[in-house]
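Below: one structure, written as structure tokens.
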Number of protein chains: 2
Amino acid sequence: MQLGKRKLQILQAVIDDYICSGEPVGSRTIAKKYGMGISPATIRNEMSDLEEMGYLHQPHTSAGRIPSDKAYRLYVDKLMKIRMLTAAEAEYIKNIYEQRTAEIEKVIEQVARVLSDITNYTSVVLGPQLNKVLIKHIQLIPVEGQYALLVVVTSAGIIKDTIIRVPADIDSGYLNRVSNMLTEHYRDKTFAEVDLNSIQDVQKEMIRQKEFFNSVVDALTESIAQKEQTEVYLGGTTNIFNFPEYRDIMKAKAFLSFMEQKNLLYSLLSKFDKKGVTVVIGTENEYEQMKECSIVMTTYSIGDKVLGTMGLIGPTRMEYSKAVSVVRYVGETVSKYLTSLFEE
Amino acid sequence: MQLGKRKLQILQAVIDDYICSGEPVGSRTIAKKYGMGISPATIRNEMSDLEEMGYLHQPHTSAGRIPSDKAYRLYVDKLMKIRMLTAAEAEYIKNIYEQRTAEIEKVIEQVARVLSDITNYTSVVLGPQLNKVLIKHIQLIPVEGQYALLVVVTSAGIIKDTIIRVPADIDSGYLNRVSNMLTEHYRDKTFAEVDLNSIQDVQKEMIRQKEFFNSVVDALTESIAQKEQTEVYLGGTTNIFNFPEYRDIMKAKAFLSFMEQKNLLYSLLSKFDKKGVTVVIGTENEYEQMKECSIVMTTYSIGDKVLGTMGLIGPTRMEYSKAVSVVRYVGETVSKYLTSLFEE
DNA sequence: TGTTAGCACTCTCAACCATCGAGTGCTAAT
DNA sequence: ATTAGCACTCGATGGTTGAGAGTGCTAACA
């Protein structure tokens with residue numbers, strides 16, 4: 001069977017209506033609201049065809065139709081008209097950059113908040129992934145007692161700080177020399193390149209305090225391992241309650257529990273790192289708990305280095321056109337902002 | 001009317017039963033389960049008295065009784081037997097300290113997780129409050145381009161880092177000198193003592209780069225203002241779904257929305273800073289949204305300086321004896337651990 | 001006088017049933 | 001090919017009913 005023009009029109013009408021109402025859509029409704037000069041009976045025939053083709057289904061015999069994931073896929077790829085942002089939305093998004101903070105984590109936090117505020121969906125943003133950035137500076141700072149703070153500054157302005165123990169007989173001059181040496185050695189390398197071999201080289205020069213030096217290396221490698229698991233920022237998790245399909249307490253619980261598991265969210269989002277906006281619909285998703293949700297996401301970057309991922313999660317009947325346009329806009333402007341901050 | 005011994009026994013039985021069942025308790029139940037050689041009829045009479053005195057109430061005429069907040073108060077203050085931690089619980093709590101991390105935020109994060117895991121309630125932990133700690137070291141670290149990182153190390157091992165702009169003509173030697181000067185000036189002072197007057201003093205010595213120096217001062221004072229609002233760590237927010245009284249979607253939503261508002265949680269917890277465990281029951285609470293919840297909380301400290309607050313939030317019929325013992329134990333051991341780390 | 005058995009009464013809850021309405025599929029007419 | 005008409009299905013709604021849990025009251029009892 002062919003997907004003729006009229007079938008497409010009807011399909012679009014069903015999707016549009018279902019997205020905003022959440023109720024199964026009947027032939028009469030289509031005829032009345034989206035009337036295109038054909039009677040309900042004709043629409044019924046077409047809908048019956050669409051059902052056979054897998055684009056619609058009925059929750060029970062005497063109910064209207066609901067779009068399938070396949071229908072949403074078609075909708076997102078072909079039917080949907082990309083919607084412009086309203087002036088108010090663009091204005092609201094600008095807030096992110098007006099604080100002019102140079103701390104990338106703060107920016108990301110704002111992004112999560114703004115995304116969920118504007119769309120009323122749940123937002124997820126992955127913090128910058130360390131393996132993509134360059135080391136710019138390494139510094140050991142003495143702290144009260146026998147501790148020192150290991151600070152690594154990167155091209156993305158990210159700071160990883162770890163506290164390490166320092167032998168009593170080491171003075172701050174020595175710490176400075178170590179810092180300079182490390183900086184010289186690892187400047188403009190990625191964390192992935194901080195391997196043990198190159199560390200051996202440095203180590204030769206530092207036999208004097210071998211034990212201490214080892215602990216610095218430990219802290220450095222550990223800090224890499226730890227940051228492999230990036231921070232996950234959430235926004236508007238309780239927005240899910242706005243959707244009638246989550247009136248069911250068990251569903252709401254499943255959703256929120258999933259959102260609490262940061263590692264799942266991480267692996268969910270981190271797997272898509274191509275530019276542009278990616279939409280994952282319902283069962284296309286590999287996690288059982290997300291089979292009734294869709295994700296609209298994009299990446300953000302500094303220059304052309306992809307740093308992380310941001311996205312919106314909502315029911316499959318989400319307003320894709322709004323979600324896509326907002327996500328795209330925020331992704332692009334954040335990238336621009338971060339690039340202007342850290343790349344000159 | 002007097003609260004005789006038998007009335008107390010009955011009251012305790014009602015509370016115990018209601019805490020674990022969540023269902024109104026009838027006279028028969030009491031007679032059977034907690035049988036103290038009296039008949040249901042007698043118990044009914046006593047319960048009627050207890051109701052008159054405000055300790056019990058009935059949701060409707062032909063239902064069992066439910067303890068009032070006043071009853072819980074009495075229970076917590078007088079009736080409750082403090083329960084010992086089980087070996088497994090104590091073992092589980094030890095996990096917090098075994099990573100031997102010296103980063104206080106990491107410890108706090110663990111505390112939130114462990115508290116909610118053990119008790120199945122929602123845990124809230126306020127991060128360390130900066131106004132209680134002493135400045136130990138201030139350092140400006142050059143970053144790629146025209147930025148520097150302002151790091152403040154305190155007696156609690158807390159690091160506040162802010163990125164500030166640096167004029168192009170400033171070299172790292174100069175940054176070091178500024179750092180040393182600031183450190184010398186503010187060492188062992190609290191953030192509250194970093195007032196503008198004393199900054200004027202320093203400023204005199206730094207006329208050379210007045211503009212730059214101002215931005216450092218700005219960052220410092222701003223970092224104080226910002227950290228006034230401490231981080232709030234949450235654990236087990238979805239545990240609330242385990243309680244039948246939160247089957248109602250609106251209640252669950254109200255609860256979770258409240259938990260999303262970190263500033264409310266902050267003002268809720270930060271107001272109690274006396275040592276020992278504090279229990280706030282239902283309507284004793286000043287926030288409308290918390291009127292059906294109880295909070296069990298304590299403080300944690302380094303030495304005798306109180307740093308922050310940790311607590312458990314659950315329905316008023318929470319297992320106070322368990323909550324109190326766990327919170328007390330965790331609070332004490334965390335304080336010990338932090339003290340051993342940072343105070344010598 | 002305090003305690004208890006007995007009983008009538010109240011109230012909730014779950015099950016049941018009838019009804020309503022939205023929506024369909026089919027058929028026959030256009 | 002389209003459409004009007006109609007019988008049919010199924011979920012939602014609302015009212016009724018009976019069971020069960022629990023009470024308060026009264027009268028008998030130790």
Side-chain angles (χ1 to χ4, degrees), chain A residues 1-11 13-15 17-18 20-68 244-245 247-248, chain B residues 1-11 13-18 20-68 244-245 247-249:
Chain A
M1 208 176 314
Q2 267 282 327
L3 250 187
K5 194 176 162 199
R6 194 172 66 185
K7 280 196 174 52
L8 281 178
Q9 277 189 323
I10 291 175
L11 185 56
V14 173
I15 296 175
D17 200 79
Y18 186 68
C20 91
S21 76
E23 301 281 305
V25 189
S27 53
R28 270 178 64 87
T29 317
I30 300 284
K32 254 188 292 180
K33 274 206 242 174
Y34 307 80
M36 22 191 136
I38 45 179
S39 78
T42 315
I43 295 175
R44 273 206 290 284
N45 289 330
E46 297 284 41
M47 293 214 296
S48 181
D49 291 350
L50 284 167
E51 179 160 9
E52 212 174 298
M53 297 162 78
Y55 290 107
L56 295 178
H57 69 100
Q58 287 178 286
H60 54 266
T61 344
S62 77
R65 255 84 172 196
I66 289 178
S68 67
E245 40 268 72
R247 283 294 147 76
D248 177 6
Chain B
M1 206 179 312
Q2 267 281 325
L3 250 186
K5 192 176 162 197
R6 195 173 63 186
K7 278 196 176 51
L8 281 179
Q9 277 189 322
I10 291 174
L11 185 56
V14 172
I15 295 175
D16 283 340
D17 200 81
Y18 186 69
C20 88
S21 76
E23 301 282 305
V25 189
S27 52
R28 270 176 65 85
T29 318
I30 301 283
K32 256 189 290 179
K33 274 207 242 172
Y34 307 80
M36 23 191 136
I38 43 179
S39 79
T42 314
I43 294 175
R44 274 205 290 283
N45 289 330
E46 297 285 39
M47 294 213 296
S48 182
D49 290 351
L50 284 166
E51 180 161 6
E52 211 173 301
M53 297 162 80
Y55 290 105
L56 296 177
H57 68 101
Q58 288 178 286
H60 54 263
T61 345
S62 76
R65 256 86 173 193
I66 287 178
S68 68
E245 39 269 71
R247 284 295 145 75
D248 178 6
I249 205 84

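None of the values given here were measured: they were computed from a predicted structure. When reading the values below, keep in mind they use all heavy atoms of this one structure, side chains included, and skip hydrogens, waters and symmetry mates.
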Between B/Arg28 and D/dT23, is there a side-chain N or O to OP1/OP2 distance below 4.0 Å? no
Nearest whole angstrom, please: distance from the P of D/dT3 to the CZ of A/Arg44. 11 Å
Out of D/dT23, D/dT2, C/dT24, which nucleotide sits closest to the side chain of A/Thr42? D/dT2
Nearest heavy-atom contact between B/Ile30 and B/Ala13 is CD1-CB, 3.8 Å
Taking all non-hydrogen atoms of both residues into account, name the closest pair between B/Val14 and B/Arg65 and its distance. CG1-O, 4.1 Å
Rounded off to whole Å, could you give me the CD-to-P distance for the B/Glu52 and D/dG24 pair? 11 Å
Please report the shortest heavy-atom distance between A/Met53 and A/Leu3, naming the atom on each side. CE-CG, 3.7 Å
What is the distance, to the nearest angstrom, from the CD atom on A/Glu46 to the P atom on C/dT24? 14 Å
B/Tyr34 and B/Asp16 side chains, donor-acceptor separation under 3.5 Å: no
Over how many whole Å does the gap from B/Ile10 atom CD1 to D/dT23 atom P extend? 12 Å
Ignoring hydrogens and angles, does a donor from either the side chain of A/Ser62 or the base of D/dT9 sit under 3.5 Å from an acceptor on the other? yes
Checking contacts here: which listed nucleotide (C/dT3, C/dG25, D/dT3) is nearest the side-chain heavy atoms of A/Ala41? D/dT3
What is the separation between atom NZ on B/Lys32 and atom P on D/dA21, rounded to the nearest whole Å? 9 Å
B/Lys33 has an atom NZ; how far is it from atom P of D/dG22, in whole Å? 11 Å
Would you indicate, yes or no, if D/dG24 has its OP1 or OP2 atom less than 4.0 angstrom from a side-chain nitrogen or oxygen of B/Thr61? no
Which of the following nucleotides, C/dG6, C/dA5, C/dT24, is nearest to the side chain of B/Ser39? C/dA5
Rounded to the nearest angstrom, tell me the gap between atom CG in B/Asn45 and atom P in C/dG2. 11 Å
Write down the distance between CG (B/Asp49) and C1' (D/dG24), rounded to a whole number of angstrom. 13 Å
Between A/Ile43 and the options A/Ile10, A/Thr29, A/Leu50, the side chain to side chain contact (heavy atoms under 4.5 Å, CB included) test singles out A/Ile10
So, OP1 or OP2 of C/dA22: does either fall under 4.0 Å of a side-chain N or O from A/Arg65? no
D/dT2, OP1 or OP2 - any side-chain N/O from A/Arg6 closer than 4.0 Å? yes
